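These numbers were taken from a predicted model, which means no experiment stands behind them.
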Amino acid sequence: MPAIGLAVAMAAAFGPSASGDPGHSGDAPYRGKIISQMNHMTLEQKVGQLFVIEVAGRDANTVSATAKATNQRLFGVDTPAQAIAKYQPGGVIYYTTRNNDDNIGDPAQVATLSNGLQAAALAQPTKIPLQISVDQEGGALVARFGAPATQMPGNMALGAGRSAADAQRSAEVIGTELAAVGVTQDYAPVSDVNINPNNPVIGIRSIGGDAKLVSDLAVAQVKGFRAGGVSSVAKHFPGHGDTGVDSHFGLPEVTHTLQQIHEIDLPPFKAAADAGVETIMTAHVVMPAIDPGVPATMSHKVLTGLLRNELGYKGLIVTDALDMAGAAATYPPDVAPVQALLAGADQLLVPVQMDTAMSAVLNAVNTGVISKQRIDESVYRVLLHKYQRGIFQDPMVDVAAAPQIMGAPQHLADAQAITNRTTTLVKNDADLLPLDAGPRKVLVAGWGVGTTQTMATALTARGATTQVRESGTTPSATAISNAVAAAQSADLVVVSTNNAYAVNAATGLPTPAAVAQTKLVKALLATGKPVVVAAMRNPYDVASFPEAATVVDTFGYTAHQVESLVRVMFGEVNPVGKLPVSIPKADGSGELFPFGHGLGY
C-alpha cells in the first residue's frame with residue numbers, strides 16, 4: 001500500500017489523535033515513523049508482527065538439550081534467537097514448565113535472556129524490538145515468577161482488601177520487577193467478574209463478584225503496572241466469570257442475557273479501556289446472546305462489533321492462547337489464526353503449529369480472504385504500542401540491577417502489609433480468635449506440604465509445639481484417621497482446605513477431593529477440640545462445613561498469606577478483609593454469607 005493510502009487507512013482506523021486522552025490512540029508523535037517503517041516491510045514481516053510465540057531455553061543462543069528439542073518440535077530450529085530470526089514475531093511470552101519452555105530462573109538470567117531476544121530481533125532487517133510478555137497475575141495460582149520475585153496477594157485477596165491504593169501498589173511492584181528483567185507487558189489484570197462459585201478456571205484470579213469492585217481495582221492495577229514500567233492486559237473479554245468449564249480443556253458457554261452482559265461482564269473492561277489499558281485479551285467462551293456457537297476470540301460481533309465499535313476501544317486486542325482447547329478443538333491450526341484476525345484480533349498468542357499458522361495467514365491475504373488493510377491496521381497498532389511504551393527507544397535492561405530490584409526489601413514489606421489487609425475472618429462463633437500468646441500443642445492438618453509447614457513454623461515462633469499431618473487435596477481414610485488421632489493430644493487444630501467446595505461440571509456433584517476434604521474437616525470438628533478452618537483458596541469452602549465455628553479466608557497460599565493468617569489468629573493483625581463474593585448455601589437454598597461480610601476483633 002503506498003504511503004498516502006496507508007496514512008488514510010490509519011486515520012480511518014484510529015480517528016483523531018489525542019495523546020493526552022487515554023481513550024484515544026495518541027499516535028501523533030509516531031505516525032510518520034510507523035507509516036515509513038511499514039512501507040519498507042514485506043507482507044511476511046508484517047504478519048510476523050502479529051504473532052506472540054513461546055520459546056524454549058534460558059538463553060537466547062545457548063540452550064539445554066531439552067529446550068533444543070522443544071524448539072525443534074515447535075519451530076524446526078534449535079534456539080530462541082533462531083526462532084526470532086525465522087518468524088520475526090512481534091512478541092514472545094515467557095513460561096516456566098509449559099512445553100518445557102523453562103525460561104525463568106534467577107533475575108540476572110531472565111534479564112540476559114530478554115536482552116538476547118531483543119538483540120536477535122534488532123538484528124533482523126526491520127530492526128523492530130520485541131514485546132516480551134508473561135502471565136504474572138499475583139497470588140498463588142498464576143505467577144510464573146516465584147521467589148525471589150515478590151509474591152503479591154492476588155486479585156480476590158485484593159478484592160477482600162477493598163483498597164484501590166493497595167491494588168495499584170501491588171501492580172506497581174509486580175511491574176517494576178518484571179521491567180527489571182526485560183518483560184515489557186504483563187497479561188494482567190484479570191477483569192472477569194466471578195459470580196459462579198464452581199468456576200474451575202477463574203475463581204481467586206478474579207477480584208470478586210461485584211462489577212463495580214472489579215472495575216475499580218482493575219483500573220487501579222492498570223495504573224500500577226504503568227507506574228511500574230510495563231503495559232497491562234485486561235482479560236478475558238467479554239467475561240469468563242460465569243463458566244463451569246475451563247477453556248484450557250473445553251469451550252465454555254456464558255448464558256447471560258444482553259442486559260446481564262452489560263451489567264455484569266462488560267463494566268470492568270470498559271473501565272480499563274477508559275483508563276488506557278494497552279491491551280485486552282479475548283476469551284475462548286461463547287456468549288449466545290451476542291454470537292451463538294462462536295467463541296469470542298473468533299467472533300467479529302464480539303471483537304469488532306462490541307469491543308471496537310460499541311465500547312470504542314482503540315488499543316491492542318490479543319487472543320488467549322490459541323492452543324487451548326477452547327480454540328483448538330473447534331478451529332484447526334490453519335483456521336484459528338485467520339478467523340481471529342477476521343474477527344478483529346491484532347495479536348495471535350501461541351498458535352498451534354506456527355509454520356501452519358503463519359502460512360495460513362499469508363495465504364488468506366494473498367487470496368483476498370483477509371485484506372491488506374486489515375493486516376496493516378493491526379501491524380500499526382503493534383508498532384504504535386512499542387513506540388508508546390518506549391520499547392523502540394530502550395529495549396535493553398541492566399542485567400546487574402535486576403537482582404537488586406526483584407524481591408527488594410521494600411517490595412517484600414509492601415507485600416506483607418497489603419496481604420495483612422486482605423485476610424478475612426468469616427466465622428468466629430466460639431470467640432476462639434484471637435488466640436492468647438503462650439505455649440500450646442497445635443495440630444496443623446489438611447492441604448499443602450509447603451502451606452502446612454510454613455504455618456507450623458509461624459505457630460512455633462509464637463510459642464506453640466506443632467505437629468503436622470498434611471493430607472493433600474484428597475485425604476485418604478487413613479490420613480483422616482491419623483489426623484483425628486493426632487488431634488486427641490492437641491490443644492488446638494488448624495486445618496487448611498483447598499477447593500473443598502469444588503463441583504464436577506459434568507455431574508453437578510462435589511469432586512472426590514472436595515468430598516474427602518470435607519470429611520477431614522468434619523472428622524476434626526467431631527473431636528470436640530477447638531478447630532480453626534483456613535480456606536486457602538476459594539472462599540466458598542465454608543459452605544461444605546457450615547457447622548465449623550471458626551473460619552478464616554486467605555484467598556491464596558503465598559508465604560505472606562500464611563503469615564498473615566497466623567498474625568490474624570493471634571490478634572497481631574485485626575482482620576479487615578470483606579468477602580468479595582457471596583457464599584451460597586450448599587443446597588442452593590440461598591446465601592450463607594453475603595458479599596461484604598467480614599468480622600473484626
Side-chain angles (χ1 to χ4, degrees), residues 1-19 22 24-53 84-85 87-93 114 117-133 182-185 226 230-233 276-281 308 313-319 337 340-341 344-349 358 361-362 365 370-396:
M1 182 180 289
I4 295 177
L6 182 56
V8 171
M10 292 305 103
F14 291 95
S17 171
S19 57
H24 292 79
S25 61
D27 61 345
Y30 313 112
R31 187 183 297 123
K33 292 179 183 178
I34 296 171
I35 291 174
S36 175
Q37 199 154 24
M38 290 175 64
N39 278 321
H40 291 88
M41 292 172 70
T42 67
L43 177 61
E44 288 78 6
Q45 289 166 340
K46 289 179 179 180
V47 170
Q49 284 296 305
L50 307 184
F51 285 94
V52 180
I53 68 170
I84 301 304
Y87 301 110
Q88 299 181 54
V92 165
I93 181 170
S114 297
L117 291 173
Q118 294 290 15
L122 295 173
Q124 305 312 310
T126 56
K127 294 180 168 51
I128 298 173
L130 293 164
Q131 178 191 71
I132 299 179
S133 307
V183 172
T184 68
Q185 180 187 61
R226 187 178 299 130
V230 300
S231 67
S232 55
V233 180
V277 71
E278 294 85 354
T279 306
I280 289 179
M281 177 182 282
R308 288 278 186 228
Y313 180 63
K314 292 181 170 61
L316 283 169
I317 299 175
V318 63
T319 70
L341 289 172
D346 300 305
Q347 294 181 298
L348 306 167
L349 178 60
M358 194 159 182
V361 174
L362 289 169
V365 177
I370 300 177
S371 70
K372 290 183 178 180
Q373 179 179 334
R374 173 70 196 87
I375 295 296
D376 282 340
E377 288 173 1
S378 288
V379 174
Y380 188 95
R381 289 190 188 97
V382 171
L383 298 182
L384 176 61
H385 173 90
K386 293 179 181 182
Y387 274 110
Q388 288 178 323
R389 297 305 307 160
I391 303 172
F392 269 102
Q393 296 89 320
D394 190 15
M396 301 298 182

M38 side, atom CE; Q45 side, atom CD - distance, nearest 0.5 Å: 12.0 Å

Whether Y380 side chain and I375 backbone form a donor-acceptor pair below 3.5 Å: no

Pair T184-V230, side-chain contact (heavy atoms from CB on, under 4.5 Å): steps then yes or no: CA-CA 5 Å; T184 68; V230 300; 5.8 Å; no

Expected output: side-chain R381 to main-chain L316 donor-acceptor under 3.5 Å: no

Test log, rule side-chain contact (heavy atoms from CB on, under 4.5 Å), inputs T42 and K46: CA-CA 6 Å; T42 67; K46 289 179 179 180; over 6 Å; no

Side chain proximity check, L122 to P129, heavy atoms < 4.5 angstrom: yes

Distance, nearest 0.5 Å, that separates CE of M41 from CG of L43: 9.5 Å

Min side-chain heavy-atom separation I84-L117 under 4.5 Å: yes

Pairwise side-chain contact, M281 with L349, heavy-atom cut-off 4.5 Å (strictly under): yes

Side chains of R226 and V277 in contact at under 4.5 Å (non-hydrogen atoms): no

Nearest atoms (heavy-atom pairs only) where F51 meets P89: O-CB, 3.6 Å

Residues Q49 and Y87: side-chain donor-acceptor under 3.5 angstrom: no

Pair listing, side chain to side chain donor-acceptor pair (under 3.5 Å) test, anchored in residues 123-133, at least two apart: Q131-Q347, Q131-H385, S133-Q185

Nearest heavy atoms of A340 and L348, plus distance in Å: CB-CD2, 3.8 Å

I34 CD1 to D376 CG distance, which is reported to the nearest 0.5 Å: 12.0 Å

Heavy-atom pair with the smallest gap, counting every atom of G315 and D346: O-OD2, 3.8 Å

From OG (S36) to CZ (R31), nearest 0.5 Å: 14.0 Å

F392 vs L383 side-chain heavy atoms within contact, under 4.5 Å: yes

Check against side-chain contact (heavy atoms from CB on, under 4.5 Å), Q118 and I391: CA-CA 10 Å; Q118 294 290 15; I391 303 172; 4.3 Å; yes

I317 to G344 - nearest heavy-atom pair and separation: CD1-O, 3.7 Å

I53 and I93: CA distance, side-chain angles, deciding distance, side-chain contact (heavy atoms from CB on, under 4.5 Å) verdict: CA-CA 6 Å; I53 68 170; I93 181 170; over 6 Å; no

Salt bridge (Lys or Arg N to Asp or Glu O under 4.0 Å) partners of residues 382-392, not counting sequence neighbours, each pair once: E278-R389

Which atom of P125 lies closest to which atom of Q88, heavy atoms considered: CD-OE1, 4.2 Å

Heavy-atom pair with the smallest gap, counting every atom of L341 and V361: CD1-CG1, 3.7 Å

